[in-house]
Amino acid sequence: MHPFDIKTVVLAKHAQHVVLIHFPIALFIIGVLFDFLAQWKKQRLLAAAAYYNLLVAAIATIPVVVTGILAWQWELEGQKLKGILLMHLVMGCLSSVLICVVWLIHMRTRSKQAEFLPGYRLPIEAVAVVIVALTGHLGGFLSGVNGPG
Amino acid sequence: MRRSVFIAGLATLTLGTLGFGTGQKSYVASAQEKMSTMEVKIDNFSFGPATLTVPVGATVTWTNRDDIPHTVVSTDDSKTFKSKVLDTDEKFSFTFSKVGTYPYFCSIHPKMTGKVIVQ
């Protein structure tokens with residue numbers, strides 16, 4: 001299997017999920033970091049950077065959820081999940097919802113042209129980062145990142 | 001005297017036959033036991049042994065000794081055998097009734113491959 005073989009990239013059933021998942025994780029964590037910095041430094045530019053990172057993170061969750069569910073349906077033929085796989089699925093869905101909720105909070109504030117973002121978003125963002133990190137850890141464990149080869 | 005020699009000979013022959021029979025029985029039993037204990041261990045993201053040679057009619061049992069869930073799926077298009085997701089210590093067995101080479105892999109970790117050769 002060649003890593004640059006287009007057939008491998010397009011047809012390797014659940015490989016896309018493993019590749020795509022890194023985008024929303026990175027964008028969301030950086031977006032939250034920018035938002036915390038914007039809150040601390042009181043800088044609009046940092047808030048704007050946070051918004052665009054969160055926007056792309058929210059968009060990137062869509063193909064990730066789709067490819068994750070397709071991997072379950074294709075590779076495991078939709079069989080009843082349990083253990084780590086079930087935990088990964090539930091936490092993955094929860095992470096996606098939280099990423100979208102955080103982006104919606106930012107989007108609504110911008111659309112209302114309000115000057116300040118609501119303070120309750122910060123604990124939600126912190127919890128979301130922890131859940132995203134745990135989901136990623138489970139995913140890494142499942143895919144055998146620490147395994148041989 | 002002749003009679004006692006005859007009886008002694010007959011007794012020896014009977015015991016010998018019984019002994020041979022018992023030995024043969026134990027030989028057959030051990031061969032069957034050997035046949036039924038064809039096992040592949042799944043551990044540390046690999047199948048061990050990766051290649052297993054078995055006689056026709058043998059049942060191979062895969063046991064997941066890893067902390068991660070795995071599957072055992074034959075590579076051929078007709079999917080001759082396909083396990084459910086095996087959690088730690090769960091087993092999957094399949095009886096090979098035809099001669100041939102059966103490559104298989106783990107559908108969660110496609111890099112994990114193995115082969116059963118049925119002779």
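Every value quoted in this text rests on a predicted model; they were computed, and no experiment measured them. Atom set for the values below is all heavy atoms of this structure, side chains included, hydrogens, waters and symmetry mates excluded. Below, chains carry the letters A, B, ... as their sequence lines are ordered, and counting in each starts from 1.
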A.B. asks: Got a sec: does the CZ of A:Phe23 have more than 12 other heavy atoms crowding it under 6.0 Å?
C.D. replies: no
A.B. asks: Given side chains that start at C-beta, do those of A:Glu77 and B:Lys79 come closer than 4.5 Å, heavy atoms only?
C.D. replies: no
A.B. asks: Should A:Phe34 and A:Leu117 be regarded as members of a common hydrophobic cluster, given that ILVMFWY residues are connected when their side-chain heavy atoms come within less than 4.5 Å of each other, either directly or indirectly?
C.D. replies: no
A.B. asks: Distance check, rounded to the nearest 0.5 Å: B:Ser83 atom OG versus A:Gln79 atom CD?
C.D. replies: 7.5 Å
A.B. asks: Any salt bridge (charged side-chain N to carboxylate O under 4.0 Å, His left out) involving residues 22-39 of chain A? Give me the pairs, sequence neighbours left out, ordered by first then second residue.
C.D. replies: A:Asp35-A:Arg121
A.B. asks: Is the number of heavy atoms from other residues, nucleotides or ligands under 6.0 Å of B:Lys84 NZ greater than 12?
C.D. replies: yes
A.B. asks: If you count heavy atoms of other groups shown closer than 6.0 angstrom to CZ of A:Arg108, is the number above 12?
C.D. replies: no
A.B. asks: Using heavy atoms and a sub-4.5 Å threshold, report which of residues 63-70 of chain B line up against chain A, by residue number.
C.D. replies: B:Asp67, B:Ile68, B:Pro69
A.B. asks: Does A:Met107 share a hydrophobic cluster with A:Tyr120, counting links as ILVMFWY side-chain heavy atoms below 4.5 Å and allowing steps through other members?
C.D. replies: yes
A.B. asks: Looking at CG of A:Leu142 and NE2 of B:His109, how far apart are the two atoms once the value is rounded to the nearest 0.5 Å?
C.D. replies: 6.0 Å
A.B. asks: Assigning hydrophobic clusters by single linkage (Ile, Leu, Val, Met, Phe, Trp, Tyr; side-chain heavy-atom cutoff under 4.5 Å), is B:Trp62 placed with B:Phe45?
C.D. replies: yes
A.B. asks: Taking every non-hydrogen pair under 4.5 Å, which of B:Asp87, B:Val85, B:Val73 racks up the most with chain A?
C.D. replies: B:Val85
A.B. asks: Transitively linked via ILVMFWY side-chain contacts under 4.5 Å: A:Ile131 with A:Val32?
C.D. replies: yes
A.B. asks: Around atom NZ of B:Lys115, are there more than 12 heavy atoms of other residues, nucleotides or ligands at under 6.0 Å?
C.D. replies: no
A.B. asks: Quick one: do A:Ile21 and A:Leu81 end up in the same hydrophobic cluster if we chain Ile, Leu, Val, Met, Phe, Trp and Tyr together by side-chain heavy atoms under 4.5 Å apart?
C.D. replies: yes
A.B. asks: Does anything in residues 84-97 of chain A get under 4.5 Å of chain B by heavy atoms, and if so which residues?
C.D. replies: A:Ile84, A:Leu85
A.B. asks: When only heavy atoms count and the cut-off is under 4.5 Å, which of residues 88-100 of chain B reach chain A?
C.D. replies: B:Glu90
